[in-house]
J.: 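Structure in structure tokens, see below.
Bear in mind the structure is a predicted one, so any value in this text is a computation, not a measurement. Quick note on labels: first sequence line is chain A, next is B, and so on, each numbered from 1.
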2 protein chains.
Amino acid sequence: MLSTCLARWGYQIKHIDNRAEPTPTGRADGVQPRSLDLLRNMGLKSAIMAHKPARVFEVAFWDPPRTGGGIIRTGTWASCPSFIDARYPFTTLLHQGRIERVFISDLEKNGVHIQRPWTIKSFNSDDRSDPEYPVEVRIEHTDGTQQETIRAKYLFSGEGARSSVRDQLGIKITHKDPITHVWGVIDGVVKTDFPDIKMKCTIHSENGSIMIIPREENMVRLYIQIASSTDKDWSPRRTATEIEVQYSAKRILQPYSIEWERVEWYSVYPIGQGISDKYTIDHRVFLGGDACHTHSPKAGQGMNTAFLDALNLAWKIHAVEAGFADREILTTYESERKDVAETLLSFDNKYAKLFSQRPPAAKEVQAASEQTSPQTEDNEFVRTFKEGCEFTSGYGVAYKPNALNWSPIHPATSPLISPDGIKLRTGRIMINANVTRVVDANVVHLEQEVPLNGSFRIYVFAGRPSTTSQALKDFALYLGDKRSFYGSYLREDIDSISHHEKHNPHSLFYTICTVFAARRDQVEIIRDVPSLLARYRDHVYADDRWDHWVPDATAAAHAKMGLDQEKGGIAVVRPDGYVGIVTGLVEGSGTVDALNEYFSAFCTKKLGQKLAQL
Amino acid sequence: MLSTCLARWGYQIKHIDNRAEPTPTGRADGVQPRSLDLLRNMGLKSAIMAHKPARVFEVAFWDPPRTGGGIIRTGTWASCPSFIDARYPFTTLLHQGRIERVFISDLEKNGVHIQRPWTIKSFNSDDRSDPEYPVEVRIEHTDGTQQETIRAKYLFSGEGARSSVRDQLGIKITHKDPITHVWGVIDGVVKTDFPDIKMKCTIHSENGSIMIIPREENMVRLYIQIASSTDKDWSPRRTATEIEVQYSAKRILQPYSIEWERVEWYSVYPIGQGISDKYTIDHRVFLGGDACHTHSPKAGQGMNTAFLDALNLAWKIHAVEAGFADREILTTYESERKDVAETLLSFDNKYAKLFSQRPPAAKEVQAASEQTSPQTEDNEFVRTFKEGCEFTSGYGVAYKPNALNWSPIHPATSPLISPDGIKLRTGRIMINANVTRVVDANVVHLEQEVPLNGSFRIYVFAGRPSTTSQALKDFALYLGDKRSFYGSYLREDIDSISHHEKHNPHSLFYTICTVFAARRDQVEIIRDVPSLLARYRDHVYADDRWDHWVPDATAAAHAKMGLDQEKGGIAVVRPDGYVGIVTGLVEGSGTVDALNEYFSAFCTKKLGQKLAQL
């Protein structure tokens, strides 16, 4: 993910992998709804979906019946319930190797060829000896026959839980929960009469617990807990054969039968919960993914969290290296992503503990269910699952206030900021909305209209054209000022840009979208849109689509964002899709002034203040 | 399309093409909504969409203003308006060569390699000399160096308007409208300030008429009429240079400017309306596509009509050759498809005539628009366009009654047929509906659930499980009878079919879907579905999704079909997606009896009659 982003944005990448080939079997396989949005934003979703992955819409809970043996279904719950406004309300299950290959193919289009099997021998980071390329990395072919020494601006370790870079930096792991579990995992094709074999299931029985995850090509993955450090005879080297795990699964699934036609992958591994104390020390050498956080595989978060780690770092490195943002913003990588990892571990902790505990006896279940109903509401496991849905779908990520995520303690203090009624929350993902593109009448997903191009997304919700005509002209006027956040970062090649350029005609750091609270046929770009904004002709929209979230709104996108449907407002969305700041849209210089204040908090140039008064 | 279908279903295809390579530029480019459904049903849609085709949601009409010169937009209209229940309410515009390559790649997966550049020298069809392979075809490399003689079961000419096969058969062309037009067409990348350059536009000006069609990769196609056989100085060889056509376009688009940055393709060709008197003579040698019907390019119907010609023939050949249907059904290819071509030409005739006529003078427009408003309602051109939307989208195709499309004159006379309130119409496309698949809780498009596998699709709308329990058991019981339409056509290899086979576990000629009017979590396959139907475990659905077409229905799919939400009913859909017959679902043998009557009209075997009484 990190290499893909940076390679697309023009950086030279040396990507090494100590495996001789991409993941052939097993490992992570769950792509959460928010990650699928991201893959789509990168133009990679269709390549993923071409493999016909399994889609998990619901999770089923199976427990021992009140009386007698075996298991019964005690409830089901949407994996991404309807209270979450997701474009793709399901988990996508696909073998990690296939996902890797989609990225590898994209990297190759941008001239990056993964060097394998190579590994890091050592590295040194010292910006006094070479301020431009301060990191020296020695790499070696795994067979020891070849070595290289590279000078780089940055080094990123996505090596996984046993990161040699982390070890060399002397960064420790903190264990939130000291308990370690040994898991058995088996991917294969089965023959079974268990009715929910194509659903995600968590099954508790008198004979143990198991988790079922459907896969592509009729495969199914079973996770089974083999041992826990709380066991009397605990050993982290405790293992089980494939046959033993299959036998356990058969006992747990009784009265249903299960037989393996083919086993694709089988593994047993211990997993402890851990979180890296630091994600970086000098903001040149970074860690991400499993190198920073390990946890149980239950909630399918591993690959997704790693994606978002890398995305977070990628655009910040780009902003710094392209001369747009202060180097200081790199500190927000750790503060933002470590906080997410803490939340994940805390969730995982509750979730995994519940999963691995002995199921309640039939009598206990009966007693509990007689008190309230439906029974599933009583079960802490189910309750934890429901609570965690927003988080596990990826839409729960909430970055805390900093220079990028406006809050009342931010240096920007314009009274226009954070208008009354606003529903967009800084540090949270942009809200979804359907709008109609004016030039071609295509109905589009507004939040997907700007591709992952490293630019801040300036959404001008322009309200009703007759009301905001002057405010919009003023906004464009002050935006065009050389000292504005916009005018200060124009492209050097601005005079030679093709008129076909849709996203970055003026600046590599901004893409502007203008959304009118009007029907498409009422918007005339030549008449209604100031020329600076009209230059983004493929990014002018009519907010004229009905939305069931705001059924009575005349301009649903404005309403969903919590912006006035007459007067509009401006939303600045970070390159990674998280809201940075929202302001009102007013006549005069106030709107641009407010945004100048915001960008001044982290941009490299001194941005014009109170332009109208100069 | 024909080769692709038959190759997938296991037939050996010799496919020749007289061009040395697939279409490099130009030709047809419009894929209509119904065709996109079909491509999706074949699993080819994503490969088409990967090329990022233009999508036309609206058509804009431009005319001379009431006073003064130039052109103004007088209205816009959805290209597939919301009164049509389309999954993809837009026209997809993509270069024909790219669409061809998607098919060629699929053919290659099935072992068919197009032999090019080869052409037909002659053929002879005589089922007395060789009843099994009655067609002898002599083919030759276009450079004359190689020849082959092939014996085939069938010969199909998709050669286009100048079909040598049609000529050899002595089949004449009838011209519905004797007028011939000469068209200029130019594909290229332009720079223009014309605001609707990304929309489909029909433009009438004092300087002539033009049609704009947006394309992939910033391209745009312009159609301009150069001459008409009604001109005084008419000549079918009338031509114009690329520069002349560009000059005309510039004059027509005034006051807007247009400049070509790049011209990809330019051509001038005469087109007359014509329809082949016959589509076949002996039901061994067939014609389809432009070999059967030619018309103006205005409505974007050429490739779409050809697709549906081929699809119609493909499944019928399969049904006959696989021993399922009487050879007689091949006669329905011409009767069904020629009727569609007649409708197309009649529409095209009106549409093209309006397009090419001199626009009304400003005064005339003013006079007309003072009488009624909005002005667009007065314009015959716009009215014709609106009327034609259902037809041009592909959803207007209505096959007339015959053995396949039940009507009161069909041999099947059971009173259960065509229950009161039914909205499904025989000979028309299956109605769209969202349902939830029971085994994995995936929300799916019911009409897409059975792939284009050559099988009849038996949709069992099972109503409320408690109401229909016995009727469903009886349906399965009589279906299982050896003399039923179902039991008479079981697979020979039925005992060795993998339990993973989803669509054809018992018969190659049927796929069964069962849809309950219940919430997903209320349906228990083991309990509610008789085992014959439950064998299609991936085809059991809950009709529990809200639909804006029937906002008050509790079971929207049942309601959309016009079936009783308690008692259900059975819809039989032909392999090409058109409704064959609809019956009620009752206890006893009546339901299967009715379907036996229907299939008896064209099946090869004598099907059990009134099974319960035997």
J.: With chain B, which of A:Arg537, A:Met49, A:Arg520, A:Arg73 has the greatest number of heavy-atom pairs at distances under 4.5 Å?
T.: A:Arg520

J.: Between A:Lys52 and chain B, which part of the residue has a heavy atom less than 4.5 Å away: side chain, backbone, both or neither?
T.: neither

J.: Between chain A and each of B:Pro214, B:Pro195, B:Ser46, count heavy-atom pairs under 4.5 Å; write down the option with the most.
T.: B:Pro195

J.: Select all residues of residues 434-445 of chain A having any heavy atom within less than 4.5 Å of some heavy atom of chain B, and report them by number, or 'none'.
T.: A:Val439, A:Asp440, A:Ala441, A:Asn442, A:Val443

J.: Between B:Glu58 and A:Asp521, is any pair of side-chain heavy atoms under 4.5 Å apart?
T.: no

J.: Answer with side chain, backbone, both or neither: which region of A:Asp193 has an atom nearer than 4.5 Å to a non-hydrogen atom of chain B?
T.: backbone

J.: Quick check for you: among A:Val190, A:Ile197, A:Ile526, which has the greatest number of heavy-atom pairs under 4.5 Å with chain B?
T.: A:Val190

